[in-house]
2 protein chains.
Amino acid sequence: MGKLSHMSAGEVGQAERRSGALLDHLARRMRLRSESVLAPLGLRPRHLVALTVLRTSGDISQQALAGTLQIDGTNVVGLLNDLEAEGLVERKRSAEDRRRHVVSMTETGTKRLREAECALATVENDVLSALSPVERETLYELLCRAASAPVTCAEAAAEGDPDSSC
Amino acid sequence: MGKLSHMSAGEVGQAERRSGALLDHLARRMRLRSESVLAPLGLRPRHLVALTVLRTSGDISQQALAGTLQIDGTNVVGLLNDLEAEGLVERKRSAEDRRRHVVSMTETGTKRLREAECALATVENDVLSALSPVERETLYELLCRAASAPVTCAEAAAEGDPDSSC
DNA sequence: TATTGTTATACTCTATAACTATA
DNA sequence: TATAGTTATAGAGTATAACAATA
């Protein structure tokens, strides 16, 4: 309060209503709790993120996957090595451009992802305990839609693409 | 599809509707983009998370802050060193228990946080471009409420508190 | 003796640079 | 020459362990 009291609630409120830090905070809590639940399934939180993205995107090149996940291409290699070793994804040389590896989820991968998500119900219940079932559903839908939007040029540039055409 | 076609949409849908990975994914995209915007203000995304939590919690011990942020106490030290050097927070010895440092936001800190959040409007617009203003407002409120909930015993235990009484 | 905060250190994660193969 | 992927390596981030002050 104090010196800020000359501002209307609206002025302050608009600036304060930013989701970034909250998103970071909640994601961290969820991720930490998830680790122990996912360990028995041989998965780490990052694997789940990759599988979740792959389920939505379908077959995709490693570079495109790096772009969507916003992680460096070199890290995609290790990530896919893990998933492929478990038989959850497949890498196949593209017929059109033999430099490319087309990444696709296997049936085992789809099944494992589903198992993992099932096991994570408890974690989500704890971390989102303040929300009602309907609100959790709303949250899921909003996150899902936001996450499905393509990565913008500005984001790609921030990742280190100076030749970006925008 | 294929072998899964014997399952009802509901069965699959329930398991698949987990927010954890989406939260992780979106938080990452937001965080990466935020860095360049926050840099001119001398802040990093993690500083913003800490300030956001401090604004809600009010005066708090370093240990309690570590618990809420779910980061190690040793890392709180460095985090607060940064923020204190910029004059955004203060550490004061507690009168009741002189082992404790009571952390509080300064007026400068409150102001800087507001500036940062204001500057982050563009980032949020980009990352949440798929959502309408009303939906973004809904998302903010849900995140805010979920984040305000106290850290559960299970979460505290996962952080390494074997003597937790639950 | 137990707890709060700090420092020193080791580990994990992520990014940068050099290499192979395809185009 | 440029691009997709891989490997090796260095830098940033995070946690574990030992220490000082206070309870």
Side-chain angles (χ1 to χ4, degrees), chain A residues 24-25 27-29 31-32 35-36 39 44-47 49-50 59-85 89-104 156-164, chain B residues 24-25 27-29 31-32 34-36 39 43-50 59-85 89-104 156-165:
Chain A
D24 229 344
H25 184 49
R28 177 180 179 82
R29 285 174 55 181
R31 181 157 33 82
L32 288 173
E35 268 169 15
S36 53
R44 305 279 312 261
R46 73 177 68 130
H47 297 137
V49 175
D59 296 5
I60 188 174
S61 76
Q62 294 188 195
Q63 260 202 353
L65 186 58
T68 304
L69 290 173
Q70 291 275 283
I71 65 179
D72 197 275
T74 59
N75 295 325
V76 172
V77 176
L79 195 57
L80 290 179
N81 286 348
D82 295 343
L83 295 173
E84 201 171 31
V89 304
E90 272 180 342
R91 281 192 264 216
K92 281 178 278 193
R93 285 269 174 199
S94 165
E96 297 104 40
D97 185 342
R98 286 187 50 72
R99 289 173 300 185
R100 285 190 186 159
H101 283 175
V102 176
V103 182
S104 55
E159 202 204 358
D161 183 2
D163 295 341
S164 185
Chain B
D24 230 341
H25 184 48
R28 180 182 177 80
R29 285 173 56 183
R31 180 157 34 82
L32 289 173
S34 299
E35 268 169 15
S36 53
L43 294 171
R44 305 281 312 263
R46 74 176 67 129
H47 297 137
L48 215 69
V49 175
D59 296 6
I60 187 176
S61 77
Q62 295 189 196
Q63 258 203 352
L65 186 57
T68 304
L69 289 172
Q70 290 276 283
I71 66 178
D72 197 276
T74 59
N75 296 325
V76 173
V77 176
L79 195 58
L80 291 180
N81 287 348
D82 295 344
L83 295 173
E84 201 170 32
V89 304
E90 274 180 341
R91 282 192 262 216
K92 281 177 277 191
R93 286 271 174 197
S94 165
E96 296 103 41
D97 185 341
R98 286 187 49 75
R99 290 174 300 185
R100 285 190 187 158
H101 282 175
V102 176
V103 181
S104 55
E159 200 206 359
D161 183 4
D163 294 341
S164 185
S165 58

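Naming: A, B, ... by sequence-line order, numbering from 1 per chain.
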Determine: side-chain N/O of [X] to OP1/OP2 of [N], distance under 4.0 Å, yes or no.
X: A:Q62; N: D:dA4; answer: no
X: A:R91; N: D:dT6; answer: yes
X: B:R46; N: D:dG13; answer: yes
X: A:R44; N: C:dC13; answer: yes

### Query
When the nearest nucleotide of DNA chain C is assigned to B:T74 and to B:Q63 on a heavy-atom basis, which residue is associated with the more 5' position?
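Checking each residue's closest nucleotide, the 5'-ward one belongs to B:Q63.
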To the nearest Å, give me how far apart [atom1] ([X]) and [atom2] ([N]) are.
X: B:L65; N: C:dG5; atom1: CG; atom2: C1'; result: 13 Å
X: A:D82; N: D:dT6; atom1: CG; atom2: P; result: 13 Å
X: B:E96; N: C:dT4; atom1: CD; atom2: C1'; result: 14 Å
X: A:D72; N: D:dT9; atom1: CG; atom2: C1'; result: 13 Å
X: B:R100; N: D:dA23; atom1: CZ; atom2: P; result: 11 Å
X: B:L32; N: C:dC13; atom1: CG; atom2: C1'; result: 14 Å
X: B:L79; N: D:dA15; atom1: CG; atom2: C1'; result: 15 Å
X: B:I60; N: C:dT4; atom1: CD1; atom2: C1'; result: 14 Å

### Query
Which pair of heavy atoms, one from B:V103 and one from B:Q62, lies closest together, and at what distance?
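Minimum heavy-atom contact is CG2-CG, 3.8 Å.
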### Message
Looking only at the side chain of A:V77 (C-beta and beyond, no hydrogens), which of the listed nucleotides C:dT6, D:dT6, C:dA23 gets closest?
### Response
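Output: D:dT6.
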### Task
Report the nucleotide, chosen from C:dT6, D:dG5, C:dT4, that has the shortest atom-to-atom distance to any side-chain atom of A:H101.
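Output: D:dG5.
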#### Entry: Comparing B:N75 and A:A64 on DNA chain D - which has the more 5′ nearest nucleotide
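Its nearest nucleotide lies further toward 5', so the answer is A:A64.
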### Task
Name the residue closer to the 5' end of DNA chain D, choosing between A:V76 and A:R28 according to the nucleotide with the nearest heavy atom.
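First, find each residue's nearest nucleotide; the 5'-ward one identifies A:V76.
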### Message
Between the base of D:dT3 and the side chain of A:R99, is one N or O donor paired with an acceptor at under 3.5 angstrom?
### Response
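Check passes, donor-acceptor contact within cut-off.
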### Beyond-backbone contact of B:I71 with A:R28, side-chain heavy atoms, under 4.5 angstrom
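They are in contact (side-chain heavy atoms under 4.5 Å apart), so the answer is yes.
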#### Entry: Backbone N/O of A:N81 and side chain of A:E84: donor-acceptor pair under 3.5 Å
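Such a contact is absent between A:E84 side chain and A:N81 backbone.
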### Query
Can you list the residues that meet the side chain to side chain contact (heavy atoms under 4.5 Å, CB included) rule with B:R44, with sequence neighbours excluded?
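Side chain to side chain contact (heavy atoms under 4.5 Å, CB included) list for B:R44, sorted by chain: B:E35, B:R46, B:H47.
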### Query
What residues form a side chain to side chain contact (heavy atoms under 4.5 Å, CB included) with B:T74, not counting sequence neighbours?
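Result, side chain to side chain contact (heavy atoms under 4.5 Å, CB included) vs B:T74: B:D72.
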